[in-house]
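Written below as structure tokens is the structure these notes are about.
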Amino acid sequence: MSAPASNLTIDADRLWSSIIETARFGGTEKGGVRRLTLSEEDRQVRDWFRAACEAAGCTVSVDGLGNMFALRPGKDMTKLPLGIGSHLDTQPTGGKFDGILGVMAALEVVRTLNDAGIETEAPICVCNWTNEEGSRFAPAMMGSAGYVADLPVSDILARTDAEGISVGAALDAIGYRGPEEVGARKFSGFLELHIEQGPILEAEGLPIGVVEHGQGIIWYDGRISGFESHTGSTPMHLRKDALAALSEIVLAIEGLAKAHGPNAVGSVGEAVIARPSRNVIPGEIAFSGEFRTPDAAILDALDKALQTQVKEIAARRKVDIRLDTIWRKEPTHFDPAMTGAIAAAADRLGLPHRPIVSGAGHDSFHLATVVPTAMIFVPCKDGVSHNELESAKPEECAAGANVLLHAVLAVAGGGA
Ligand code: GLV
Ligand code: MN
Ligand code: MN
């Protein structure tokens, strides 16, 4: 017996239970999650996800980068599946919603369709993309980058973490280097639900954001070489202080982002002093930096201006500064038909919505380069993310999952 699809809703309690249940894999005392990509905790959540998808009648396969695909058949298996999902890895001090909501909601869509006895026209494929976060291995969105051939698979497999462990070795260690050829799995389109990770929806009291654009991103790796010497006996004018040079770079990045605002951001997220000691002038520092903006021309301008300022800082302070661009992702423009399906689904459910730009990076940015793609945002508390305090309410998650469900029915063909 199949229920009418038009007033179908997901099981909000079941969705919430999936989120809470998986949060124990890498759960922290403060209520967050530490589940670095391809870690033991990542293996545990992947095993959970595989078992849950198989119990829901899906066939699960894994590609050579550990990307996971759970296929729910459709009526017409000559049609390409609609991909839905996100990522299950987290930041070192991450929350339990970033990425996880999108995967759990995709699973919940499958479970809801099963309960209602609805077979969609096209198959549906629930995805868990490897290393969206880019914290253990750079860059972010690595599994989906390999999938769309934005980076060669061999290059990705060779990337190493701070301990020198490669992506390939980490995949083998947790048993998730799968047999499927990377990129062989094809989709008709892709939809991803995610928390906003910013303050707009909450401030405006809106339950749904229809993501129309994603920011372009540049990531840098930097190294400053000055000279280690005695803090007490080295006169100020003779110092080659790497940390003082870094301080100027931090402020240059901040200043440039502000000057190109309001839609540009810039940060230094990591800085490591080699051989730190309170009475040694820092001689060597490694750091990372980034800019993000939805405007490609502004991204160019920020990059150019930073390179110029860094040269000037190096010359004035008599230190060597290497600034390598290790990743550049152009701004994303999502597919109007897919954003339209999301807006129509929200309208059908009586959920007010607004167009929005994604500040964070998402696997959907890569998917959008090969198939029609769009994203749904729901609010999160105080816009806080990449923090153990990250929080969203059960009803906010459920609203997003219901929009995903109805967008899936519209795009994959599930009957009105
Ligand atoms: C990942 O979450 C990113 O936006 O860098
Ligand atoms: Mn995410
Ligand atoms: Mn994230």
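Note that these values count all heavy atoms, side chains included, but never hydrogens, waters or copies made by symmetry. One-based numbering along the sequence shown. Every number for a ligand or one of its atoms is a count from 1 in the order of the listing.
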Quiz prompt | SB check R111 D115 (cutoff 4.0 Å) | solution =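 No, no charged N to carboxylate O under 4.0 Å.
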Quiz item: Is K75 salt-bridged to E119, cutoff N-O under 4.0 Å?
Solution: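 Salt bridge flag = no for E119 with K75.
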Within a distance under 4.0 Å of any heavy atom of [X], pick out the atoms of ligand 1 and give their elements.
X	answer
E133	1 (C), 2 (O)
G361	3 (C), 4 (O)
A360	4 (O)
H386	1 (C), 2 (O)

Self-check item: Aromatic plane relationship, W219 with W327 - under 30° parallel, 30 to 60° tilted, over 60° perpendicular
Solution: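 The rings of W327 and W219 stand perpendicular, inter-plane angle above 60°.
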Quiz item: Parallel under 30°, tilted from 30 to 60°, perpendicular over 60°: which one fits the rings of F187 and Y147?
Solution: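 Taking Y147 first and then F187, their aromatic rings sit tilted (interplane angle of 30° to 60°).
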Quiz prompt | Ring centres under 6.0 angstrom apart (H362, F377) | solution =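 They qualify: ring centres under 6.0 Å apart.
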Practice problem: Tell me, with the steps shown, if D363 and S144 meet side-chain hydrogen bond (donor to acceptor under 3.5 Å, both in side chains). | Solution: CA-CA 6 Å; D363 297 304; S144 53; 2.6 Å; yes
Self-check item: Taking every non-hydrogen atom, the tightest pair across L65 and T130
Solution: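 Heavy-atom minimum between the residues: O-OG1, 2.8 Å.
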Quiz item: Between CZ of F25 and CZ of R43, what distance do you get to the nearest 0.5 Å?
Solution: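 Rounded to the nearest 0.5 Å, the CZ-CZ separation comes out at 9.0 Å.
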Practice problem: Could you see which bit of R292 sits under 4.0 Å from ligand 1, with heavy atoms only: side chain, backbone, both or neither? | Solution: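 Side chain only.
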Quiz item: At under 4.0 Å between heavy atoms, which part of M141 makes contact with ligand 1: side chain, backbone, both or neither?
Solution: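 Neither; nothing of M141 gets under 4.0 Å from ligand 1.
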Quiz item: Number of protein N/O/S atoms less than 2.8 Å from the Mn ion (ligand 3)?
Solution: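 Total protein N/O/S atoms under 2.8 Å from the Mn ion (ligand 3): 4.
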Quiz prompt | Within-shell test, E132 vs ligand 1, heavy atom, strictly < 4.0 Å | solution =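 For ligand 1, residue contact (heavy atoms, under 4.0 Å) with E132 is present.
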Quiz item: Has R24 got more than 12 heavy atoms of other residues, nucleotides or ligands less than 6.0 Å from its CZ?
Solution: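 Yes, CZ of R24 has more than 12 neighbouring heavy atoms, counting only those of other groups under 6.0 Å.
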